[in-house]
Colleague: 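One structure coming up, written as structure tokens, with questions to follow.
Note that the coordinates shown come from a computational prediction; the quantities given were computed from them, not determined experimentally. Proteins come first, then strands; the chains are lettered A, B, ... in the order of their sequence lines, and each starts at number 1.
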Amino acid sequence: MLEKTYDAEGVEPAIRESWEKADAFRAGAGASADAEPFSIVIPPPNVTGSLHMGHALNNTLQDVLVRFERMRGKDVLWQPGMDHAGIATQMVVERQMMERQEPDRRKIGRDAFVEKVWAWKAESGGVIVNQLKRLGCSCDWSRQRFTMDDGLSKAVTKVFVNLYKEGLIYKDQRLVNWDPALLTAISDLEVLPVEVEGQLWHLRYPLEGNGRSITVATTRPETMLGDSAVAVHPNDERYADMIGEYVVLPLVGRRIPIIADEYADPEAGSGAVKITPAHDFNDFEVGRRHNLPVISVMDAEANISLKNNEAFLNELAPSSKLTHIIDELDGLDRFTARALVVSLLEERELLEKTEDHTHTVPHGDRSNVPIEPFLTEQWYVNAKALATPAIADVKNGRTTIVPKHWEKTYFDWMENIQPWCISRQLWWGHRIPAWYGPDDEIFVEETEEEAAAAALRHYGEETELKRDDDVLDTWFSSALWPFSTLGWPDETPELSRYYPTAVLVTAFDIIFFWVARMMMMGLHFMGNEPFQKVFIHGIVRDEKGAKMSKSKGNIVDPLELIDEYGADALRFTMASLTTPGQDVKPSRARIEGSRNFGTKIWNAARFCEMNDCRPDPDFDPQAVSETVNRWILTEAAKASSEVTVALESFRFNDACEAAYRFVWDSFCDWYLELIKPVFADGSEAAKAETRATAAHVLGIILRLLHPFMPFITEALWKELSAGKDGLLALSKWPAPDFADADAAEEINWLVELVGAIRSVRSEMNVPTASKTQLVALTKDDVLLTRLQRHEPAVERLARVEGIAANGDAPRQAAQIVVGGATFALPLAGIIDFSAEEARLKKEIDRVENEISRIDSKLANENFVARAPEDVVQAERDKRAAYQEDGKRLSAALERLKQAA
RNA sequence: GGGCGGUUAGCUCAGCUGGUCAGAGCACCUGGUUUACACCCAGGGGGUCGGGAGUUCGAACCUCUCACCGCCCACCA
């Protein structure tokens with residue numbers, strides 16, 4: 001006997017164990033040899049990560065699809081694994097070392113540090129795997145991969161070497177986004193614009209020789225030390241006569257030209273702009289166009305660096321007597337230097353004015369400090385070349401993105417893609433397989449031996465090589481995930497079976513970081529797309545719609561929700577809130593609703609169990625004869641079909657709704673109530689058939705809901721079949737193979753009749769406890785037979801005692817019209833004549849309104865002429881039905897008046 | 001500056017190709033211990049589908065326009 005309520009916390013571990021024991025999620029589990037493959041690669045969570053609501057959403061959706069397809073008999077692989085998360089992990093370990101007051105990484109050296117990271121991973125990394133299991137994720141856990149595994153590292157190295165040899169990876173000296181806190185380059189995508197309240201300083205630069213000056217506006221006065229020109233727009237009349245003149249750069253004394261360049265915007269600032277090629281991306285371009293020197297005035301930590309700075313010193317005027325200024329500024333951090341430069345200029349009356357100015361400043365997404373454009377040599381991927389096939393693949397529909405509007409975002413970015421900076425000045429990650437000779441000749445090979453061999457060929461003798469210190473952007477290895485996890489570069493059976501994957505499920509915030517790059521790499525190295533479909537879901541927001549973040553303090557921990565409501569409740573909520581293209585805002589009320597739904601199913605099963613409804617292996621739906629049973633089988637088939645269609649098109653919310661309505665409305669509210677009289681007073685044959693049907697339909701329910709609520713459904717499946725049917729997770733998805741329109745029509749009528757009686761009783765304030773007779777005012781034999789057939793149900797559900805079919809109207813009665821017949825509820829002593837009169841009049845009004853609405857439609861010649869015939873006919877039929885109802889209601893009103 | 005979403009019941013949202021599409025859950029009101037379930041049952045109230053214009057026989061749904069909200073990209077002297 002089942003407990004009275006479902007105990008998620010108590011049941012879930014045992015269910016997980018039963019799945020594990022049966023190895024139910026191994027690739028291809030339960031599938032036949034000729035099964036169609038269906039594979040999904042998990043978006044690998046960071047090894048430092050723990051389950052957040054975004055993971056809960058993303059992985060619920062994947063698990064729904066995977067369980068659904070597995071039950072449909074496909075050969076399913078859900079490939080799990082984790083990402084080494086270069087910067088994030090390195091930061092975690094460094095912080096830990098700091099907390100433990102251990103010497104920092106530079107002191108212990110690279111090898112020792114990397115060893116520490118591995119030790120950290122072994123000890124505290126990957127807690128998320130168990131959390132995903134708690135969520136119920138049916139990944140093939142035996143195939144877990146890690147981006148730093150030997151196999152995946154081999155793939156990374158090979159890809160790097162191949163791309164290098166194809167000329168698609170190269171080294172370049174240019175400005176990069178430099179993170180002065182983490183001391184590494186980062187890619188464009190890792191830079192976040194942050195709005196800050198700053199100032200706009202207007203600096204007066206004296207012209208050489210003539211006592212005039214030109215004013216430039218800047219938000220970064222400290223970079224003026226590296227100015228190499230002042231630019232004005234060629235058409236700007238204010239400055240036309242200054243073009244070609246020289247400015248003597250204040251504080252520094254350097255002579256720099258005033259140049260004409262369209263980059264200068266006459267509307268912005270003063271119209272004249274200082275050009276600092278080493279510290280601004282735009283200025284760098286201007287500098288290139290005008291062949292200006294690039295004078296970096298900062299070091300890697302963004303401190304002012306002048307004294308040992310050749311670029312700076314070389315451009316310094318020989319006569320300059322500025323050593324004290326250089327002394328003062330040298331070594332200051334950029335913000336301190338900013339203040340000092342401003343005050344030095346102010347002293348010299350070169351500060352024209354200062355304005356408050358709100359602008360966005362690029363920040364590092366990890367360090368959250370302003371990033372510095374910094375001139376360094378880095379490794380780049382020629383993303384433009386790789387993007388071309390990736391664009392074509394989506395254009396020609398080999399990969400489709402759902403919802404489709406995201407394709408535009410994808411195209412826009414891909415078509416304007418910039419070189420991808422892939423080198424990072426970190427220690428934790430895939431070390432770049434490049435070795436340098438003494439003359440800086442580069443040898444890119446997969447192993448040190450091969451590099452040495454290449455060097456031998458090049459130099460003609462053994463030469464000592466030095467390996468590149470940098471590691472690769474974490475996303476470089478993530479980009480290979482769909483094939484590296486399947487064994488590439490080896491030609492494994494898994495690779496040929498499961499690549500391309502069926503669908504990638506992810507949130508929109510990593511389309512550029514990840515999806516786009518997997519497309520590029522997959523197409524380049526595998527020759528075809530990494531996934532046939534990409535399903536983009538929203539992100540999880542809090543109840544007010546705000547993005548969840550630590551700083552806002554609005555983080556909801558999915559594990560707490562699982563503790564409180566069970567994994568199924570959280571999953572069902574996530575899935576039912578997923579409408580294509582919308583963000584997800586889970587609320588406790590909603591999760592409670594899902595939990596209640598689980599309880600509802602639990603109790604429905606409990607009812608079945610109490611009535612001895614056991615699954616019968618020989619049950620044949622087609623042989624069923626009772627109308628209610630044929631009706632619920634029809635409804636079950638309809639629900640199966642709806643859930644299937646919805647899941648095939650990623651309409652998770654529709655799938656949930658169809659299942660929910662079927663279970664709660666059709667099965668619990670009507671079917672179980674309708675069969676109670678059968679169990680109480682039915683024939684043995686009817687009872688047996690009904691038991692078998694109820695058990696059968698409950699089985700369908702458990703299977704339909706299993707992808708969404710795997711724990712409770714598996715638990716009930718086990719309970720009800722006494723373990724004889726194996727795991728629900730490996731059972732067959734229900735086929736919508738039953739339809740009986742007549743039974744559906746009949747039960748719908750019954751539902752309508754019961755509903756009408758209940759309504760009128762409630763409106764007439766008939767005490768719940770009292771029962772009334774029902775008099776059918778009709779001589780229609782078909783209807784009367786039907787009524788007789790359902791007499792026990794009507795009596796029970798509508799609180800009726802005795803059904804009279806004599807057609808004589810009782811004197812004091814409430815009357816209703818259902819399915820073309822009038823029914824009276826004798827309510828002598830209870831009936832309120834005026835209330836009933838008002839009620840009937842209201843009904844008549846409603847019907848007449850409908851009729852006149854239809855009449856005006858039908859009177860419209862254009863409607864009759866242009867609307868499709870079936871639409872017009874439907875209106876005519878409706879009108880006829882309303883007219884019949886109207887007649888009966890009017891007759892009922894007459895009888896009431898006579899009685900009064 | 002460019003682009004993309006959104007605006008439907010008190011709240012959170014469904015509503016796929018225009019013709020039972022005006023819906024669900026929660027909240028609310030009224031009754032209720034009837035052979036599972038009060039995490040429940042029965043009944044009920046509540047919306048001129050953001051404003052305006054247009055297309056159409058017919059618009060929550062298509063077009064245009066305005067307003068507001070959110071997001072993404074670029075730029076910011």
Colleague: Does the side chain of A:Glu352 pick up a donor-acceptor pair with the side chain of A:Thr215 at under 3.5 Å?
Modeller: yes
Colleague: Quick one: label A:Lys4 by what it contacts on the DNA or RNA (base, sugar-phosphate, nothing), any heavy atom closer than 4.0 Å.
Modeller: sugar-phosphate
Colleague: Pick base, sugar-phosphate or nothing for A:Cys668, based on heavy-atom distances below 4.0 Å to the nucleic acid.
Modeller: base
Colleague: Counting the atoms with a prime plus P, OP1 and OP2 as sugar-phosphate, which does A:Phe652 contact under 4.0 Å by heavy atoms, base, sugar-phosphate, or nothing?
Modeller: nothing
Colleague: Using atom C1' of each nucleotide, how far apart are B:C64 and B:G46 to the nearest Å?
Modeller: 33 Å
Colleague: Let me know, please, whether A:Pro266 or A:Asp188 comes out on the 5' side of the other along RNA chain B by nearest nucleotide.
Modeller: A:Asp188
Colleague: Testing A:Phe411, A:Trp420, A:Trp413 one by one against A:Phe512 for a ring pair (Phe, Tyr, Trp, His ring centres under 6.0 Å), which residue passes?
Modeller: A:Trp413
Colleague: Can you tell me the distance, in whole Å, between the CG atom of A:Asp612 and the P atom of B:A36?
Modeller: 16 Å
Colleague: Between the side chains of A:Asp227 and A:Thr276, is a donor N or O closer than 3.5 angstrom to an acceptor N or O?
Modeller: yes
Colleague: Could you measure between the two P atoms, the one in B:C66 and the one in B:U48, and give it in whole Å?
Modeller: 26 Å
Colleague: Taking atom C1' in both B:G6 and B:A60, compute the distance separating them and give it to the nearest angstrom.
Modeller: 14 Å
Colleague: Determine the interatomic distance between P on B:U8 and the same-named atom on B:U55; round to the nearest Å.
Modeller: 27 Å
Colleague: Can you tell me the distance, in whole Å, between the CG atom of A:Asp412 and the P atom of B:C73?
Modeller: 12 Å
Colleague: Between atom CG in A:Asp227 and atom P in B:A77, what is the gap in whole Å?
Modeller: 13 Å
Colleague: Of the candidate nucleotides B:C39, B:A77, B:G19, which contains the atom at the shortest distance from the side chain of A:Arg595?
Modeller: B:C39
Colleague: Quick one: do the A:Lys274 and A:Thr223 side chains pair a donor with an acceptor below 3.5 Å?
Modeller: yes
Colleague: P atom, B:G19 versus B:U34: distance in rounded Å?
Modeller: 46 Å
Colleague: What residues, two or more places apart in sequence or in another chain, satisfy side chain to side chain donor-acceptor pair (under 3.5 Å) together with A:Tyr660?
Modeller: none
Colleague: Kindly say whether A:Ile401 contributes a backbone atom to a donor-acceptor pair with the side chain of A:Glu407 at under 3.5 angstrom?
Modeller: yes
Colleague: How far, in whole Å, is B:G3 from B:U65 if one measures between their P atoms?
Modeller: 12 Å
Colleague: Would you say A:Lys585 places a side-chain N or O within less than 4.0 Å of OP1 or OP2 belonging to B:C13?
Modeller: yes
Colleague: Look at all strands and tell whether A:Arg220 reaches a base, only sugar-phosphate, or nothing, counting heavy atoms closer than 4.0 Å.
Modeller: nothing
Colleague: Could you check whether A:Arg761 gets within reach of a base, just the sugar-phosphate, or nothing at all, counting any heavy atom under 4.0 Å?
Modeller: nothing
Colleague: If you check every side-chain atom of A:Ser759, which of B:C37, B:A77, B:G43 has the closest atom?
Modeller: B:G43
Colleague: Could you go through nucleotides 45-48 of chain B and list every protein N or O atom that sits under 3.5 Å from one of its N or O atoms, giving the distance for each pair?
Modeller:
none

Colleague: Looking at A:Leu570, A:Leu577, A:Val540, A:Asp583, which one forms a side-chain contact (heavy atoms from CB on, under 4.5 Å) with A:Leu57?
Modeller: A:Val540
Colleague: Have A:Glu355 and A:His202 got a donor and an acceptor in their side chains that come within less than 3.5 Å?
Modeller: yes
Colleague: Take atom CG of A:Asp877 and atom P of B:U20, then tell me their distance rounded to the nearest Å.
Modeller: 15 Å
Colleague: Do A:Glu190 and A:Ser187 have a side chain donor and acceptor closer than 3.5 Å?
Modeller: yes
Colleague: Could you give the distance separating B:C28 and B:U35 at their P atoms, to the nearest angstrom?
Modeller: 28 Å
Colleague: Provide a list of protein-nucleic acid N or O atom pairs under 3.5 angstrom, restricted to nucleotides 21-31 of chain B.
Modeller:
residue	atom	partner	partner atom	Å
B:G31	O2'	A:Thr768	OG1	2.8

Colleague: Touch check for A:His357, heavy atoms < 4.0 angstrom, all strands: base, sugar-phosphate only, or nothing?
Modeller: sugar-phosphate
Colleague: Between A:Asp236 and A:Arg238 (side chain of the first, backbone of the second, donor and acceptor by atom type, cut-off under 3.5 Å), is there such a pair?
Modeller: yes
Colleague: Taking only the side-chain heavy atoms of A:Ala217 (C-beta and beyond), determine which of B:A77, B:U34, B:A14 contains the nearest atom.
Modeller: B:A77
Colleague: Checking all strands, does A:Ser587 fall into the base, sugar-phosphate, or nothing category for heavy-atom contacts under 4.0 angstrom?
Modeller: nothing
Colleague: If you write RNA chain B from 5' to 3' in dot-bracket form, with Watson-Crick or G-U pairs under 3.5 Å, [ ] for crossing pairs and | for pairs with another strand, what do you get?
Modeller: (((((((..((((.....[...)))).(((((.......))))).....(((((..]....))))))))))))....
Colleague: Take the protein atom CG of A:Asp509 and the nucleotide atom C1' of B:G5, then report the distance between them rounded to whole Å.
Modeller: 15 Å
Colleague: Record whether the side chain of A:Lys408 comes under 3.5 Å of the base of B:C4 through a donor-acceptor pair of N or O atoms.
Modeller: no
Colleague: Spell out yes or no: do the side chain of A:Glu673 and the base of B:A42 have one donor N/O and one acceptor N/O closer than 3.5 Å?
Modeller: no
Colleague: Testing A:Leu200, A:Val196, A:Val194 for side-chain contact (heavy atoms from CB on, under 4.5 Å) with A:His359, which one passes?
Modeller: A:Val196
Colleague: Counting side-chain heavy atoms from C-beta on, which of B:C71, B:A14, B:C37 comes nearest to A:Phe508?
Modeller: B:C71
Colleague: Is a side-chain donor-acceptor pair under 3.5 Å present for A:Glu752 with A:Asn748?
Modeller: no
Colleague: Would you be so kind as to tabulate the donor-acceptor pairs closer than 3.5 Å made by side chains of residues 590-600 of chain A, with sequence neighbours excluded?
Modeller:
residue	atom	partner	partner atom	Å
A:Ser594	OG	A:Thr573	OG1	2.6
A:Ser594	OG	A:Arg590	O	3.3
A:Thr599	OG1	A:Arg595	O	3.1

Colleague: According to side chain to side chain donor-acceptor pair (under 3.5 Å), who are the partners of A:Tyr6, at least two apart in sequence or on a separate chain?
Modeller: none
Colleague: Let me know the distance between CG of A:Asp669 and C1' of B:C40, rounded to the nearest Å.
Modeller: 10 Å
Colleague: Between B:G5 and B:C40, how many Å separate the two P atoms, rounded to a whole number?
Modeller: 38 Å
Colleague: Which is true for A:Arg758 with a 4.0 Å heavy-atom rule: it touches a base, it touches only sugar-phosphate, or it touches nothing?
Modeller: sugar-phosphate
Colleague: Round to the nearest Å and state the distance from A:Ile816 atom CD1 to B:G43 atom P.
Modeller: 13 Å
Colleague: Categorize A:Thr409 for me: base, sugar-phosphate, or nothing, with a 4.0 angstrom heavy-atom threshold over every strand shown.
Modeller: nothing
Colleague: Measure from CG on A:Leu192 to P on B:A74 and round the result to the nearest Å.
Modeller: 10 Å
Colleague: Contact class for A:Ala874 (heavy atom, under 4.0 Å): base, sugar-phosphate, or nothing?
Modeller: nothing
Colleague: Nearest-nucleotide wise, let me know which of A:Tyr882 and A:Ala680 is further upstream toward the 5' end of RNA chain B.
Modeller: A:Tyr882
Colleague: Look at the side chain of A:His405 and decide which nucleotide, out of B:G70, B:C4, B:G19, has an atom nearest to it.
Modeller: B:C4
Colleague: Does a salt bridge link A:Arg334 with A:Glu222, judged by any charged N lying under 4.0 Å from a carboxylate O?
Modeller: no
